[in-house]
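All values below come from the heavy atoms of this structure, side chains included, with hydrogens, waters and symmetry mates left out. Numbers here are sequence positions counted from 1. One-based numbering, in listed order, for ligands and for the atoms of each.
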Amino acid sequence: MDTIVMKFGGSSVADNEKLKIVANKIVDLYNKQNNIVVVVSAQGKTTDNLISQAKELSNNIEDREMDTLLSAGEQISIAKLSILLNDMGYPAISLTGWQAGILTNNTNQNALIKTIDTSRILKELEQKKIVIIAGFQGVNENMDITTFGRGGSDTTAVAVAAALKAKNCYIFSDVDGVYSTDPNKEKSAKKLTALSYEEMLELSSEGAKVLHNRCVEIGEKFKIPIITKSTFNNKPGSVVSDIIEENTIKSVVKKEVSRISIVGNGIIRNISAIRKILDIIEDEKIDMLEFNVSESKISITFKNNVEDRILNRIHEEII
Ligand code: ADP
Ligand code: ASP
Ligand code: MG
């Protein structure tokens with residue numbers, strides 16, 4: 001029997017109607033005598049809403065508590081999908097990240113998977129259950145919940161596929177593949193039939209959110225082809241694998257980065273200010289692309305858009 005991993009993103013599980021479409025897709029493959037492992041994201045804008053709600057409560061949220069909160073979004077999705085499949089007469093079981101044996105390091109909100117103990121998943125598959133796993137989360141060595149960064153459910157799917165030596169890992173989304181640019185922003189975007197891991201990793205790292213960059217790294221390491229398809233049509237998707245096509249131009253991507261600059265004559269010699277700034281960046285665990293210092297300016301370019309709070313914190317610390 002083949003094992004197939006199917007991942008459904010937030011827009012694919014946003015409401016009951018969409019959950020039914022997802023359930024039918026799962027049942028189709030289950031009825032063809034496959035072991036089915038499903039990974040789901042939080043419904044619709046749930047994760048965004050949980051972040052805003054937490055920020056209404058505090059400007060100084062403990063990382064551990066934020067992860068406990070954010071992981072709840074995916075927990076709702078797994079339970080709802082299992083309830084629906086059971087109601088349709090299929091034996092589904094929901095597993096949170098820790099129940100699925102996903103162990104991570106301690107980096108809250110950007111955790112890396114260390115190992116997956118597949119014994120529980122395998123036990124449920126042996127009993128012919130459809131295993132529904134909460135994406136985007138695991139536990140660290142203290143059994144505290146960690147999350148993988150925005151879009152991280154893709155990484156759960158590919159990591160689980162690698163751990164189970166699955167035949168296929170499908171990433172179902174609101175787009176039917178990887179395009180030559182974001183198809184929701186440019187109508188003339190063309191669907192790509194195939195990309196190499198390397199090309200996809202560049203696209204994901206530069207802002208094409210269709211696949212989480214870590215899932216591509218894991219796919220490459222464990223040679224898992226990643227097939228992106230639409231939840232809402234049956235068109236062929238895009239396959240990300242180790243097949244390399246020479247001399248092709250694949251895609252154009254835009255990324256919002258942030259730049260914070262601190263200006264003042266002689267700043268290049270102000271070691272204490274430079275140290276304070278670097279300490280804040282380390283403490284906030286934000287990824288830096290460049291740190292430039294000149295006679296009268298320090299400019300820091302961040303990998304992603306950073307919140308105003310970071311500027312305020314630097315201002316408070318050094319002015
Ligand atoms: P999901 O909720 O299923 O995880 P995401 O929102 O994370 O889906 O990713 C899908 C989105 O990625 C699409 O709706 C699309 O707007 C965006 N996207 C950006 N660049 C690309 C691209 N090159 N090809 C396909 N989709 C892209
Ligand atoms: N729910 C998480 C997010 O919104 C993870 C995911 O969707 O992959 O970022
Ligand atoms: Mg996503």
Side-chain angles (χ1 to χ4, degrees), residues 6-15 18-19 21-22 25 38-54 66-67 69-78 96-97 102 109-111 113 133-138 145-160 169-195 199-216 226-233 235 237-240 249-256 304:
M6 311 169 77
K7 179 259 171 179
F8 295 91
S11 47
S12 301
V13 295
D15 56 36
K18 291 186 173 149
L19 279 173
I21 296 172
V22 165
K25 275 201 132 60
V38 179
V39 173
V40 277
S41 294
Q43 293 186 282
K45 298 255 168 267
T46 302
T47 309
D48 290 333
N49 293 340
L50 289 172
I51 294 172
S52 321
Q53 287 163 19
M66 191 62 158
D67 274 353
L69 179 70
L70 296 189
S71 67
E74 271 67 13
Q75 191 167 337
I76 294 172
S77 300
I78 53 169
T96 60
I102 300 174
Q109 280 133 75
N110 202 12
I113 298 178
I133 301 176
F136 169 67
Q137 57 179 277
I145 295 170
T146 54
T147 63
F148 303 168
R150 300 307 305 270
S153 297
D154 299 335
T155 294
T156 304
V158 180
V160 166
C169 182
Y170 290 107
I171 305 287
F172 289 96
S173 185
D174 57 353
V175 276
D176 56 8
V178 182
Y179 278 70
S180 55
T181 193
D182 186 339
N184 288 325
K185 297 197 175 131
E186 175 53 53
K187 292 273 164 295
S188 68
K190 291 185 182 61
K191 188 161 61 182
L192 303 168
T193 318
L195 295 92
E199 286 168 333
M200 190 65 233
L201 191 55
E202 297 289 3
L203 286 180
S204 296
S205 309
E206 292 304 328
K209 73 180 184 139
V210 61
L211 286 178
H212 192 232
N213 58 347
R214 292 238 174 90
C215 91
V216 186
I226 306 170
I227 306 156
T228 61
K229 281 173 83 75
S230 167
T231 306
F232 308 110
N233 66 45
K235 291 184 189 161
S238 308
V239 182
V240 180
I249 294 179
K250 289 283 166 61
S251 196
V252 183
V253 63
K254 184 183 106 177
K255 181 171 184 172
E256 307 290 341
N304 297 304

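Within the 4.0 Å heavy-atom criterion, neither part of Val253 lies near ligand 1. Only side-chain heavy atoms of Pro183 come within less than 4.0 Å of ligand 1; its backbone N, CA, C and O stay farther off. With a 4.0 Å cut-off on non-hydrogen atoms, Val210 touches ligand 1 through its backbone as well as its side chain. At a 4.0 Å heavy-atom cut-off, ligand 2 touches Ser153 through backbone and side chain alike. Contacts between His212 and ligand 2 below 4.0 angstrom, taking non-hydrogen atoms only, are absent altogether. Contacts between Val175 and ligand 1 below 4.0 angstrom, taking non-hydrogen atoms only, involve the side chain exclusively.
For Phe136, no nitrogen or oxygen atom sits less than 3.5 Å from a nitrogen or oxygen atom of ligand 2, counting backbone and side chain alike.
Protein heavy atom in closest approach to atom 15 (C) of ligand 1: Asp182 OD1, 3.3 Å. Ranking protein heavy atoms by distance to atom 2 (O) of ligand 1, first place goes to Gly10 N, 3.2 Å. Annotation: atom 7 (O) of ligand 1 to nearest protein heavy atom, Lys209 O, 3.4 Å. Here the heavy atom of the protein found nearest to atom 4 (O) of ligand 1 is Lys7 NZ, 3.1 Å. What sits closest to atom 25 (C) of ligand 1 on the protein, heavy atoms only, is Gly177 O, 3.3 Å. If you check which protein heavy atom lies closest to atom 23 (N) of ligand 1, you get Tyr179 O, 3.0 Å.
If you number the atoms of ligand 1 from 1 as listed, the ones under 4.0 Å from a heavy atom of Asn184 come out as 13 (C), 14 (O), 15 (C), 16 (O). Heavy-atom proximity to Asp174, at under 4.0 Å, picks out these atoms of ligand 1: 10 (C), 13 (C), 14 (O). Atom numbering of ligand 2 starts at 1 in the shown order; those under 4.0 Å from a heavy atom of Arg150 are 3 (C), 4 (O), 9 (O). Listed by number with element, the atoms of ligand 1 under 4.0 Å from a non-hydrogen atom of Ser173 are 1 (P), 3 (O), 8 (O), 10 (C).
Between Phe172 and Phe8, the ring planes are parallel. Angles under 30° get that label, and only those over 60° would be called perpendicular.
Residues Ile76 and Gln43 meet the side-chain proximity criterion, which asks for heavy atoms closer than 4.5 Å.
Taken from OG1 in Thr228 to NZ in Lys191, the straight-line distance is 8.0 Å, to the nearest 0.5 Å. For the atom pair NZ (Lys209) and OG (Ser173), the distance works out to 8.0 Å, reported to the nearest 0.5 Å.
Under the 3.5 Å distance criterion, with hydrogens and angles disregarded, a donor-acceptor pair is assigned to the side chains of Asp67 and Thr147.
Paired with Arg150 under the rule side chain to side chain donor-acceptor pair (under 3.5 Å), one option of Asn110, Thr47, Asp48, Asn304 passes, and it is Asp48.
Under a 4.0 Å heavy-atom criterion, Gly151 is in contact with ligand 2. Distances from ligand 2 to the non-hydrogen atoms of Gly9 include no value under 4.0 Å.
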